[in-house]
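Each remark here refers to the structure printed beneath this line.
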Amino acid sequence: MASDLGITPRAENYAEWYNDLVKRAGLADNSVVRGCMVIKPHGYAIWELMRDALDGMFKATGHQNAYFPLLIPKSFLSREAEHVDGFAKECAVVTHHRLMDSPEGVIVDPDAKLEEELIIRPTSETIIWHSYKTWIQSYRDLPLLINQWANVMRWELRPRLFLRTAEFLWQEGHTAHATYDEAEEEALTILEVYTRFAEDWMAVPIVAGVKSDGEKFAGADHTYTIEAMTQDLRAIQAGTSHHLAQNFAKAFDVTFQSAEGKEEHVYATSWGVSTRLIGTLLMVHSDDKGLVCPPRLAPVQVAIVPIGRKDDFVRVCEVADRLAAGLTESRWHGLPLRVKVDKREKESPGFKFNDWELKGACVRVEIGPRDLEAGQCVVVRRDEGEKKTAPLEELTDVVHAELSAMQAALFDRALAMREANTHRVDTWDEFKAAFAGEGGGGFVLAHWDGTRETEQRINEETKATIRCIPRVPLAAGDVEPGACVLTGHPSERRVVFAKAY
RNA sequence: CGAGGCGUAGCUCAGCUUGGUAGAGCGCGUGCUUUGGGAGCACGAAGUCGCAGGUUCGAAUCCUGUCGCCUCGACCA
């Protein structure tokens, strides 16, 4: 029966599995506009949990939220040369402000053409730095630590739900500092926040590092990234933190007067994570039965399925409600548990088991008349699928233990998968072989001569790119000098190559 | 923008070759029976066959055009 659940198995077709998963688990739909998605309540619930967790971490590191506008004057984008190069090809442009009736239906009113066209933000550096110019005058105004939760639009040619959509939700932090070193510290603080979030909340092990010049953000001095490995052995960039140096301060003429009375341009950072985190979560943990959600980010942590008919069902439901109340009142990681009692009468228990597995409930509690007699219930963890019994009065403790164990088990399994698929390669033949064929090839740690030309040639011949130069080497030997895998030129250390999403 | 494929019920699709009353499964509604791994039976609602032309007595089916979507490449978080 498992094959008949409407999800293509991963082994058969990974891309199709992902699409089926997103749709069948009720996370999102395609919109009528290509590239846009409808995030459904179950998917949005995951985003809300992510957002709340991250928002708390940003506040704890001294940041405040603000909101900047969706529309940006076209001329702003071109102030920073690299920035415009990076984004010009994927901007939606607003050219008119009115529609009118016509025999063919509603048309754009040609008389309502805008003097200066507006772009829908692909990112907000320019509009924000325009404001910062008036906000910042003295070193006493620094550091300025702002975040915003917003939607942005990048006109993608090949969209995929959550991973790459034309419109997506994200947060973007934009900070200003008096010195290069302070900005550097900020970029690294955020890199650490992202790392902790990915590993502790998402249970996704990541490699944190710095991007090569070829892969850095358009307009950045350098870009930090966290990279995860998906089950099809590709890399996915889950978050980025940019040190912008004085690039935007110069483009928007944002200066401050130092304590010594000197006029200087400020230093900046920007950083973001998006709804792509949901795609990352799915790609790392879920299976052929549906969504597998780390307990700390699961919309439903416990699904209770009452079993029985007529009077039995009523009695069982009463007990289920009482158990649910006990679970909800308890605290796990400081938060009330998210519990659902599934009292639907038309669906059979078997259907509900499959349904909650599809939707990613972490722990399923089954309780029927026979359990009631015995004063126990059946507890099943989503990632294991093994049925265990627990005394009713101990259920809350058992559930807490299972959730904690599952959170850890998901991370451990993902880490084991990454380690099993991380290889060190020293010859060009081995390198090409690692990335031959369809699908991923895992992470390949290889020496690189540091030039953009070599990076490009490697990408053209193997489809693999440099994902990052790890901040902390994965193994001590990775930072010993060697010879570039393609050119043989000297290399200081190994970098991470992979095929990427 | 290049290469393939597909548009028929909410979903997945059959029907098209050879033109002749619009089909199936799932889902949905009602009722009864069921309930420990996707329950059964009965009845029922549901469609401008993507759109526009053309051929024909007659078009889902043949022809022309057009729009949209999906998959794969070039760009990207």
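Values reported hereafter were calculated over all heavy atoms of this structure, with side chains retained and with hydrogens, waters and symmetry mates removed. Residue numbers begin at 1 in each chain, while the letters A, B, ... track the order of the sequences.
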Among [options], which nucleotide has an atom closest to any side-chain atom of [X]?
| X | options | result |
| --- | --- | --- |
| Pro369(A) | G36(B), C76(B), C70(B) | G36(B) |
| Asn30(A) | A77(B), G73(B), C70(B) | C70(B) |
| Phe168(A) | C75(B), A77(B), C72(B) | A77(B) |
| Leu157(A) | G37(B), A74(B), U35(B) | A74(B) |
| Arg309(A) | A77(B), C72(B), U34(B) | U34(B) |

[atom1] atoms of [N] and [M], separation to the nearest Å:
| N | M | atom1 | answer |
| --- | --- | --- | --- |
| U30(B) | G68(B) | C1' | 38 Å |
| G50(B) | C11(B) | P | 13 Å |
| C69(B) | C28(B) | C1' | 25 Å |
| A3(B) | G65(B) | P | 16 Å |
| C72(B) | C62(B) | P | 29 Å |
| U21(B) | G15(B) | C1' | 15 Å |
| U48(B) | U8(B) | C1' | 12 Å |
| G58(B) | C1(B) | P | 38 Å |

What contact category does [X] fall into here, base, sugar-phosphate, or nothing, at under 4.0 angstrom with non-hydrogen atoms?
| X | answer |
| --- | --- |
| Asp312(A) | nothing |
| Val152(A) | nothing |
| Thr240(A) | nothing |
| Gln237(A) | sugar-phosphate |
| Thr223(A) | nothing |

Is there a Watson-Crick or G-U wobble partner for [N] with both distances under 3.5 Å, and which nucleotide is it?
| N | value |
| --- | --- |
| G37(B) | none |
| A74(B) | none |
| G68(B) | C6(B) |
| C16(B) | none |
| U55(B) | none |

Give each protein N/O atom lying under 3.5 Å from an N/O atom of nucleotides 3-6 of chain B, with the pair distance.
none

Would you kindly give the [atom1]-to-[atom2] distance between [X] and [N], to the nearest whole Å?
| X | N | atom1 | atom2 | value |
| --- | --- | --- | --- | --- |
| Tyr501(A) | A77(B) | OH | P | 16 Å |
| Lys388(A) | G36(B) | NZ | C1' | 19 Å |
| Arg276(A) | A77(B) | CZ | C1' | 5 Å |
| His83(A) | C76(B) | NE2 | P | 14 Å |
| Glu460(A) | C75(B) | CD | P | 9 Å |
| Glu156(A) | C75(B) | CD | P | 12 Å |
| Ile236(A) | A77(B) | CD1 | P | 12 Å |
| Arg154(A) | C76(B) | CZ | C1' | 8 Å |

Presence of salt bridge, [Y] and [X], under 4.0 angstrom:
| X | Y | answer |
| --- | --- | --- |
| Lys359(A) | Asp355(A) | yes |
| Arg364(A) | Glu366(A) | yes |
| Asp312(A) | Arg315(A) | yes |
| Asp200(A) | Arg296(A) | no |
| Lys289(A) | Asp287(A) | no |

Min side-chain heavy-atom separation Glu156(A)-Glu90(A) under 4.5 Å: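 Result yes, sub-4.5 Å side-chain heavy-atom pair found.
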Residue whose closest nucleotide on RNA chain B lies nearer the 5' end, Lys216(A) versus Asp355(A):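 It is Asp355(A), whose closest nucleotide lies nearer the 5' terminus.
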First encountered from the 5' end of RNA chain B, between Lys310(A) and Asn459(A):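 Result of the comparison: Lys310(A).
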Enumerate, atom names and distances included, each donor-acceptor pair closer than 3.5 Å involving a side-chain atom of residues 45-55 of chain A, sequence neighbours excluded.
residue  : atom : partner   : partner atom : Å
Asp55(A) : OD1  : Asn65(A)  : ND2          : 2.9
Asp55(A) : OD1  : Trp149(A) : NE1          : 2.8
Asp55(A) : OD2  : Lys59(A)  : NZ           : 2.6

Aromatic centroids of Phe497(A) and Phe431(A) separated by under 6.0 Å: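 Between Phe497(A) and Phe431(A), which both carry aromatic rings, the centre distance is below 6.0 Å.
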Any side-chain N or O of [X] below 4.0 angstrom from OP1/OP2 of [N]?
| X | N | answer |
| --- | --- | --- |
| Arg164(A) | C76(B) | no |
| Lys463(A) | A74(B) | yes |
| Arg158(A) | A74(B) | no |
| Arg34(A) | G68(B) | no |
| Asn19(A) | U71(B) | yes |

Compute whether any side-chain donor of one residue and acceptor of the other, for [X] and [Y], lie under 3.5 angstrom apart.
| X | Y | answer |
| --- | --- | --- |
| His174(A) | Ser270(A) | no |
| Thr465(A) | Arg467(A) | yes |
| Tyr132(A) | Glu125(A) | no |

Contact pattern, 5' to 3', of nucleotides 39-46 of chain B - B, S or - by protein heavy atom under 4.0 Å: S-------
Check: Arg364(A) side chain, G37(B) base, donor-acceptor under 3.5 Å: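 Donor-acceptor pair under 3.5 Å: yes.
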Any donor-acceptor N/O pair under 3.5 Å between G37(B) base and Lys387(A) side chain: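 Between G37(B) and Lys387(A), which were checked side chain against base, a qualifying N/O pair under 3.5 Å is present.
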Any donor-acceptor N/O pair, Arg121(A) side chain to Leu71(A) backbone, under 3.5 Å: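 Checked: no pair found.
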Arg164(A) to Tyr501(A) six-membered ring, cation-pi geometry met (6.0 Å, 45°):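 Here Arg164(A) fails the 6.0 Å and 45° test against Tyr501(A).
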